[in-house]
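To start, the structure itself, in structure tokens.
Side-chain atoms are counted along with the backbone in the values below, which use heavy atoms only and exclude waters and symmetry mates. We number each residue from 1, following the sequence as shown.
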Amino acid sequence: MIPGMTGTPSNMNTMKSNLQSNGWPANRLFTWTDSSSMTQDLAKAARQLSAKVDQVRSQTGADKVVLATWSASTLAARYYIKNLDGADKVSQYIGFAGPQHGTTNNGCQWYVSCQQFASPNTPFLQELNSSSEVPFNDKVDYLTIRSTADTNATPVDTAMLAGADENYLMSGPMAPNHLMIISNATALAKMRSFITAHESA
């Protein structure tokens, strides 16, 4: 479970507790972020993620991991799957409120990562989204979760991935904002049901 730009692993504690209270063993749940808190080059963050996944796999004996990502980390994780060795080590990719095609709310460009997703046409996103937005989808299952109340990853459909197994839209008066989507009960229930449905026997 990986937070977004400037976030800390504790941002994911509600998600972690929710999974644990619904039957996931505590020793199989991990929160993490890279050394820059997703503020610098997301390709570098992806390389650090690769090392973390290897450490978790070694520690647990698991063959593959599920990545639950939020905001900027959705891009680092997808870079890892596409360009590093992630496709062989990740079974499911879950992206909460990711600026997959840039964002119009991009006044944060003193951060390198924000420059990388400041518009759909940045070199980073053009490379990441080329040929397939869901790389190795024969090996990895993809879920995105987005909300009409999100004013950070905008427009709302930037968080979709063409070819994903499911692009889940939250709307209406109870739809969560960008900060609350990772602790929203409906969003977490969707994540749990997706993980369970796509688990290999």
Aromatic ring proximity, centroids under 6.0 angstrom, F124 and Y79: yes
Would you give the length of the straight line joining atom CZ of F194 to atom OH of Y93, rounded to the nearest 0.5 angstrom? 11.5 Å
Identify the heavy atoms of V140 and D165 that sit nearest to each other, and give their distance. O-OD1, 4.3 Å
Which pairs with one or both residues in residues 109-120 pass salt bridge (charged side-chain N to carboxylate O under 4.0 Å, His left out), sequence neighbours excluded? none
Tell me, which pairs form a disulfide (SG to SG under 2.5 Å) where one or both residues lie in residues 58-163, sequence neighbours left out? C108-C114
How would you list all residue pairs meeting disulfide (SG to SG under 2.5 Å) that involve residues 34-85, not counting sequence neighbours? none
Would you mind reporting whether I195 and W24 have side-chain heavy atoms less than 4.5 Å apart? yes
Any chance the side chains of T154 and T104 put a donor and an acceptor closer than 3.5 Å? yes
Per the disulfide (SG to SG under 2.5 Å) rule, what does the pair list look like for residues 166-197, sequence neighbours excluded? none
Output the rest of the hydrophobic cluster of M160: all Ile, Leu, Val, Met, Phe, Trp and Tyr residues reachable through side-chain heavy-atom contacts under 4.5 Å, sorted by chain and number. none
What pair of heavy atoms forms the shortest contact from V90 to L67, and how long is it? CG2-CD1, 3.8 Å
Does anything in residues 51-106 form a disulfide (SG to SG under 2.5 Å)? List the pairs, not counting sequence neighbours. none
Quick one: are W70 and M1 in side-chain contact, heavy atoms under 4.5 Å? no
Quick one: list whatever passes side chain to side chain contact (heavy atoms under 4.5 Å, CB included) with T144, sequence neighbours left out. L161, N167
Could you check whether S50 and D85, counting side-chain N and O atoms only, form a donor-acceptor pair closer than 3.5 Å? yes
Which residues pass the side chain to side chain contact (heavy atoms under 4.5 Å, CB included) test with S193, not counting sequence neighbours? K190
Distance-only criterion, 3.5 Å: show the donor-acceptor pairs between side-chain atoms of residues 169-184 and protein atoms not counting sequence neighbours.
unit_1: N177; atom_1: OD1; unit_2: L179; atom_2: N; d: 3.0
unit_1: N177; atom_1: OD1; unit_2: M180; atom_2: N; d: 2.8
unit_1: H178; atom_1: ND1; unit_2: D150; atom_2: OD1; d: 3.1
unit_1: H178; atom_1: ND1; unit_2: D150; atom_2: OD2; d: 2.9
unit_1: H178; atom_1: NE2; unit_2: S71; atom_2: OG; d: 3.0
unit_1: S183; atom_1: OG; unit_2: M180; atom_2: O; d: 3.3
unit_1: N184; atom_1: OD1; unit_2: T186; atom_2: N; d: 2.9
unit_1: N184; atom_1: OD1; unit_2: A187; atom_2: N; d: 3.0

Identify each donor-acceptor pair in which a side-chain atom of residues 3-13 lies under 3.5 Å from a protein atom, sequence neighbours left out, and give them as a table.
unit_1: T8; atom_1: OG1; unit_2: S10; atom_2: OG; d: 2.7
unit_1: N11; atom_1: OD1; unit_2: T8; atom_2: N; d: 2.8

Here the salt bridge (charged side-chain N to carboxylate O under 4.0 Å, His left out) pairs for residues 35-49, sequence neighbours left out, are none
Can a donor-acceptor pair be found between the side chains of S36 and D34 at a distance below 3.5 Å? yes
Do L128 and F117 have side chains that get closer than 4.5 Å, going by heavy atoms? no
Approximate separation, where rounding is to 0.5 Å, of M191 CE and M15 CE: 4.5 Å
Scan for salt bridge (charged side-chain N to carboxylate O under 4.0 Å, His left out) pairs involving residues 123-132, sequence neighbours excluded, and state none if there are none. K82-E127
